[in-house]
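Each remark here refers to the structure printed beneath this line.
Counting begins at 1 with the first residue of the sequence.
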Amino acid sequence: MTWFAKIVAAAVAVCSVGIASTVAKAADQLNLFAWSEYVPQSVLDGFKKETGIIVNYEAYDSNETMLGKLLDSGAKYDLIQPSEYVVEALIKEGKLMPIDHAKLPNLKHLDPAFMKMSHDPGLKFSVPWMSGTVGIVYNTEKVKEPIKGFKDVFSGKYKGRIVAVDDSREIISWVLATQGKNCNDITDATLEGVRPVLKNWLPQIKLYDSDSPKTALLNGDVDVGVVWSGEGATLLNDESKKFKWLLPEEGAHRFIDNLAIPKGAPHADAAHKFIDYILRPEVSVLISEDFPYTNPNLDARKKLDDKARTNAASYPADDAKLELFKDIGAMGSKVDEVFTAVKGQ
């Protein structure tokens with residue numbers, strides 16, 4: 001059994017609480033399976049108003065959950081929103097339908113740099129939705145010493161005051177960064193080197209939250225967070241002006257979340273229409289306004305106001321130490337095993 005099959009089987013076992021409550025059959029519907037808190041209702045409403053197509057939006061909180069339900073025989077999705085390394089894996093497994101660029105006249109608005117990404121050169125099977133990073137944010141009213149990186153966050157000073165995304169590969173990549181290793185340098189040996197650090201770090205985390213980690217920071221439940229950049233951008237916009245955001249000095253992950261059409265999608269034409277719709281600059285701006293990640297749509301970026309374009313979390317000035325995740329094959333299961341074992345201690 002391949003790594004892909006193993007991780008899917010595990011995810012199905014964990015999250016098989018049922019497929020989408022209703023699977024659309026009519027031609028005027030679209031089944032979208034995407035990250036939670038990532039698709040503005042205004043975009044769904046605008047698409048329906050213009051095309052008559054109703055979007056059934058089901059959310060997930062991890063790539064592994066998405067994979068499990070996608071490949072469960074009862075799940076019929078037209079569009080999914082996988083991250084870069086999952087796109088790479090799905091392409092290898094032949095699970096995605098090729099994108100028909102002739103149906104996407106608005107593809108011309110994308111930043112050309114996103115056409116050259118290693119996970120899908122030329123965007124043959126995917127189109128970027130939003131990009132972002134994982135970074136550190138802290139409450140300057142509670143944290144007086146400057147934080148510069150992961151080693152500072154997990155120094156022990158902030159035990160019980162930390163929120164972190166609930167993502168095994170992310171957290172293990174942070175450890176690798178502190179050890180001077182590439183985020184994709186995952187072997188049996190490097191994982192053994194990660195294990196003792198995790199045993200020190202994980203008990204310091206008060207809360208794991210991949211959906212809305214900003215909430216605990218805003219409520220004062222925690223003082224330090226290692227969170228998605230869109231969450232950090234929202235905190236920087238908070239009226240209190242008490243939050244500081246930074247990219248870890250050791251380096252961090254840059255993610256690219258994409259739209260892709262699963263092979264066998266029942267409404268592939270509607271999926272292409274939705275992709276082209278969100279590529280319009282005026283629509284893409286709506287996504288950035290609600291979820292301020294790095295917008296890959298160059299013409300949409302030009303329409304953002306100065307405050308949005310200069311938000312340090314959304315558009316970091318120095319991204320030299322940011323790396324993309326790659327498909328790591330069978331080691332993906334071992335990453336989950338090591339993290340789960342330590343987390344459960």
Side-chain angles (χ1 to χ4, degrees), residues 35-40 83-84 111 113-114 128-143 146-150 152-153 158 161-167 170-171 173-174 177 183 207-257 284-298 300-325:
W35 288 92
S36 57
E37 294 203 35
Y38 215 16
V39 184
S83 300
E84 72 286 348
D111 183 336
F114 285 87
W129 171 268
M130 284 282 156
S131 178
T133 65
V134 171
I136 298 167
V137 63
Y138 62 93
N139 183 339
T140 59
E141 293 181 355
K142 300 291 184 66
V143 178
I147 291 176
K148 295 182 179 180
F150 296 122
D152 294 331
V153 171
Y158 310 108
R161 300 163 62 189
I162 301 169
V163 60
V165 296
D166 192 7
D167 189 301
E170 272 296 343
I171 295 177
S173 78
W174 308 344
C183 64
L207 176 67
Y208 295 93
D209 188 348
S210 289
D211 288 336
S212 184
K214 64 180 177 294
T215 302
L217 287 152
L218 286 168
N219 290 344
D221 298 327
V222 294
D223 302 321
V224 182
V226 190
V227 304
W228 314 121
S229 57
E231 298 282 295
T234 300
L235 290 167
L236 289 183
N237 288 333
D238 185 64
E239 292 181 358
S240 68
K241 304 299 180 185
K242 63 186 178 184
F243 294 105
K244 180 176 176 61
W245 164 272
L246 69 144
L247 292 178
E249 63 179 3
E250 300 96 341
H253 171 215
R254 176 192 184 189
F255 60 83
I256 303 174
D257 294 324
S284 188
V285 163
L286 297 176
I287 302 172
S288 280
E289 288 174 349
D290 278 13
F291 306 107
Y293 289 88
T294 305
N295 195 324
N297 190 313
L298 194 59
R301 242 184 272 167
K302 295 174 183 176
K303 292 180 176 291
L304 295 173
D305 61 30
D306 289 342
K307 182 179 179 182
R309 284 198 302 269
T310 58
N311 189 300
S314 301
Y315 299 97
D318 181 13
D319 59 2
K321 290 187 177 181
L322 297 177
E323 299 173 319
L324 294 176
F325 280 175

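- In this structure, the side chain of Arg161 does not engage the main chain of Asp223 through any donor-acceptor pair within 3.5 Å.
- Side-chain atoms of Glu323 come within 3.5 Å of backbone N or O of Cys183 as a donor-acceptor pair.
- No side-chain donor-acceptor contact under 3.5 Å links Ser210 and Asp167.
- Between the side chain of Thr294 and the backbone N or O of Ser314, at least one donor-acceptor pair lies under 3.5 Å.
- Counting all heavy atoms, side chain and backbone alike, Ile171 lies closest to Val165 at CD1-O, 3.5 Å.
- A ring-centre distance under 6.0 Å is found for Phe255 and Trp228.
- Note: Trp174 and Phe150 have parallel aromatic rings, judged against thresholds of 30 and 60 degrees for the angle between ring planes.
- Checking side-chain atoms of Glu84 against main-chain N and O of Ile256 turns up a donor-acceptor pair under 3.5 Å.
- Of the charged side-chain nitrogens involved, none lies within less than 4.0 Å of a carboxylate oxygen, so that Lys214 and Asp238 do not count as a salt-bridged pair.
- Side-chain atoms of Asn295 and Ser284 include a donor-acceptor pair closer than 3.5 Å.
- The backbone N or O of Tyr293 lies less than 3.5 Å from no partner atom in the side chain of Ser229, so there is not a single donor-acceptor pair.
- A donor-acceptor pair is defined here as one N or O able to donate and one able to accept, closer than 3.5 Å; no such pair exists between the side chain of Glu37 and the backbone of Ser212.
- Between the side chain of Lys321 and the backbone N or O of Glu250 there is no donor-acceptor pair closer than 3.5 Å.
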ask   = Can you check side-chain contact (heavy atoms from CB on, under 4.5 Å) on Val153 and Tyr138, steps first, answer last?
value = CA-CA 9 Å; Val153 171; Tyr138 62 93; over 6 Å; no
